2 protein chains.
Amino acid sequence: MITPPLKTIFYSIEKTIKEYRRYSQDNISKHISDITLDQVLVLIMIDSNSKLNQKEVANILYKDHASITRMIELLVKKGYVKRKINREDRRRFDLQASEKGITALKKLKPVILNNRSNALKNITQEEIDIVNKILLKITNNCSKNN
Amino acid sequence: MITPPLKTIFYSIEKTIKEYRRYSQDNISKHISDITLDQVLVLIMIDSNSKLNQKEVANILYKDHASITRMIELLVKKGYVKRKINREDRRRFDLQASEKGITALKKLKPVILNNRSNALKNITQEEIDIVNKILLKITNNCSKNN
DNA sequence: CAAATATAATTGATATATCATATAAATAAA
DNA sequence: TTTATTTATATGATATATCAATTATATTTG
């Protein structure tokens with residue numbers, strides 16, 4: 001008999017992140033309807049450091065480079081991000097939040113912060129540290145053993 | 001200044017589940033190359049209880065019904081699952097692992113169990129309980145406040 | 001310098017997530 | 001019993017995840 005996934009910690013982890021994403025996306029959509037949580041995170045990164053290229057954004061957000069390419073493509077198409085070829089290295093792009101992007105961030109940063117703090121209500125920093133520590137162990141077990 | 005997602009617990013959670021999925025998928029693929037982790041979980045559920053219909057599988061695995069429809073479609077197409085219309089309720093399907101599905105499960109169940117225990121190496125049951133408890137709090141915070 | 005190699009980003013294919021809508025069958029209500 | 005509502009599944013659209021392969025440019029090396 002195999003343990004139903006229902007009872008494993010992996011199930012809890014997936015369920016938690018899904019609920020957080022849904023909750024977070026709902027609140028974002030109340031303010032701006034054509035942007036996703038992931039796109040907001042990309043936009044925040046771009047706006048916080050104009051030196052970042054796509055590869056670095058991908059590494060920071062722990063996303064696949066292909067996904068970042070497509071997210072930025074959508075952000076550019078919707079006018080939240082401006083993209084110019086880098087002068088020193090023509091393989092790279094210089095990324096910059098547009099006026100529209102900056103305006104969106106003004107609205108959305110508090111929403112994100114609020115999502116996070118609501119999601120963590122009644123959870124102590126110590127508890128968060130414990131969870132982080134144990135999750136890191138799992139991560140390491142999976143990457144080492146592969 | 002908004003906290004970089006890098007430092008939030010949500011980032012840890014996403015990173016952990018991604019690493020576990022990648023690790024798990026790699027080991028599955030070593031044995032059977034045309035099946036995904038999610039499909040294996042669906043197959044396990046179907047095989048463990050022949051009474052389950054798609055809606056129930058979706059609820060157990062905490063997946064969207066649309067996703068389950070498509071996963072089962074693929075499992076049927078690849079010959080791992082047999083699907084027949086239920087006699088009492090013609091909206092439902094009776095789901096059953098085929099011979100091929102059963103053979104696959106014989107190989108894959110130990111792989112799944114091994115993945116789980118490797119991923120949790122050097123983590124105590126008490127630690128797992130703590131993580132589960134805190135993750136549940138987050139889940140509840142997100143569903144209540146929405 | 002020319003050839004080989006490495007890097008940044010893109011593209012393609014396939015699977016899954018999510019949400020909205022549709023369809024068909026079952027059940028409840030008028 | 002006809003109509004309305006609910007339920008199980010499917011379908012469509014769009015976004016993201018993942019992996020492989022490609023393209024263009026940079027860098028290294030012979």
Side-chain angles (χ1 to χ4, degrees), chain A residues 14-26 28-29 33-43 46 51-78 80-81 83-95 146, chain B residues 14-26 28-29 33-43 51-59 61-78 80-81 83-95 146:
Chain A
E14 296 232 29
K15 183 166 175 174
T16 305
I17 200 66
K18 275 193 194 175
E19 279 300 319
Y20 172 70
R21 283 183 155 278
R22 191 198 43 69
Y23 170 64
S24 198
Q25 183 66 61
D26 277 1
I28 288 168
S29 301
S33 63
D34 73 344
I35 201 163
T36 69
L37 170 58
D38 285 316
Q39 288 167 14
V40 177
L41 295 181
V42 170
L43 189 53
I46 288 173
K51 302 272 169 55
L52 294 178
N53 61 21
Q54 296 186 193
K55 184 196 153 204
E56 290 158 341
V57 172
N59 291 338
I60 291 173
L61 297 179
Y62 209 72
K63 299 273 180 191
D64 193 80
H65 296 188
S67 297
I68 290 290
T69 292
R70 284 160 185 142
M71 285 183 224
I72 289 178
E73 199 176 291
L74 289 173
L75 285 169
V76 169
K77 191 189 291 172
K78 290 185 282 197
Y80 290 107
V81 165
R83 185 161 63 163
K84 282 180 288 188
I85 292 176
N86 181 290
R87 297 202 167 191
E88 285 92 54
D89 186 340
R90 293 168 45 75
R91 291 170 306 183
R92 298 187 183 211
F93 288 107
D94 291 330
L95 300 167
N146 171 30
Chain B
E14 296 231 29
K15 183 168 175 172
T16 305
I17 201 66
K18 275 192 194 177
E19 279 300 317
Y20 173 70
R21 284 183 155 279
R22 190 198 44 69
Y23 170 64
S24 199
Q25 183 65 63
D26 277 1
I28 288 168
S29 301
S33 64
D34 73 343
I35 201 164
T36 68
L37 169 60
D38 285 315
Q39 288 166 13
V40 176
L41 295 180
V42 169
L43 189 54
K51 302 269 170 55
L52 294 178
N53 60 21
Q54 297 189 189
K55 183 195 155 205
E56 291 157 339
V57 173
N59 291 337
L61 296 179
Y62 208 72
K63 300 272 180 193
D64 193 81
H65 296 189
S67 296
I68 290 290
T69 293
R70 286 163 183 140
M71 285 183 225
I72 289 179
E73 199 176 291
L74 289 173
L75 285 168
V76 170
K77 191 188 295 174
K78 290 185 283 197
Y80 291 107
V81 166
R83 186 162 63 164
K84 282 180 288 189
I85 291 176
N86 182 291
R87 295 200 167 194
E88 285 93 54
D89 185 341
R90 296 170 41 75
R91 293 169 305 182
R92 298 188 183 211
F93 289 107
D94 292 331
L95 300 168
N146 172 30

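By convention in this document, chain letters (A, B, ...) are assigned in the order of the sequence lines, proteins followed by strands, and residues within each chain are numbered from 1. Note that the structure is predicted; figures quoted are calculated from it, not measured.
Looking at D38(B) and R21(B), a side-chain N of the basic residue comes within less than 4.0 Å of a carboxylate O on the acidic one, giving a salt bridge.
As judged by a 4.0 angstrom heavy-atom cut-off over every strand, Q39(A) is placed among residues touching the sugar-phosphate backbone only. D38(A) comes within contact range of the sugar-phosphate backbone alone, with a heavy-atom separation under 4.0 Å but no base atom that close. Counting any heavy atom pair closer than 4.0 Å across all strands shown, E14(B) reaches no nucleic acid atom.
Distance CD (Q54(B)) to P (dA8(D)): 11 Å, rounded to an integer number of Å. Rounding to whole angstrom units, CG of residue L41(A) and P of dA15(D) are separated by 16 Å. The interatomic distance linking I28(A) (CD1) with dT16(D) (P) rounds to 11 Å, in whole Å. Here the P atom of nucleotide dA8(C) and the CG atom of N59(A) are 9 Å apart, to the nearest Å. Rounded to whole Å, the distance from CG on D64(B) to P on dA20(C) is 11 Å. One can place CZ of R90(A) at 13 Å from P of dT27(D), the figure rounded to the nearest angstrom. The nearest whole Å value for the distance from the CD atom in E88(B) to the C1' atom in dT7(D) is 16 Å. Whole-Å rounding puts the K55(B) NZ to dA26(C) P distance at 16 Å.
Closest non-hydrogen pair, Q54(A) versus L95(A), comes out as CG-CD1, 3.9 Å.
Where D89(B) and K63(B) meet DNA chain C, the nucleotide closest to each residue was compared, and K63(B) sits on the side nearer the 5' end. When the nearest nucleotides of DNA chain D are assigned to Y62(A) and N86(A) by heavy-atom distance, the more 5′-ward of the two goes with Y62(A).
The phosphate of dA8(C) (OP1 or OP2) has no side-chain N or O of R83(A) nearer than 4.0 angstrom. Here R92(B) reaches the OP1 or OP2 of dA8(D): one of its side-chain N or O atoms lies under 4.0 Å away.
Side-chain proximity of R91(B) to the nucleotides dC19(C), dA24(C), dA8(C) is greatest for dA24(C).
In the model, Y62(B) has a side-chain atom that pairs as donor or acceptor with a side-chain atom of E19(A) under 3.5 Å.
From K51(B), atom NZ reaches atom CG of N86(B) across 11.0 Å, with rounding to the nearest 0.5 Å. Annotation: the span from K55(B) atom NZ to N59(B) atom CG amounts to 6.0 Å, rounded to 0.5 Å. Here the CE-CG distance, from M71(B) to L43(B), works out to 12.5 Å after rounding to the nearest 0.5 Å.
Within residues 65-72 of chain B, the residues approaching DNA chain D are H65(B), A66(B), T69(B), R70(B), by heavy-atom distance under 4.0 Å.
Two residues are said to be in side-chain contact when any heavy atoms from C-beta on lie closer than 4.5 Å; L75(A) and I35(A) meet this criterion.
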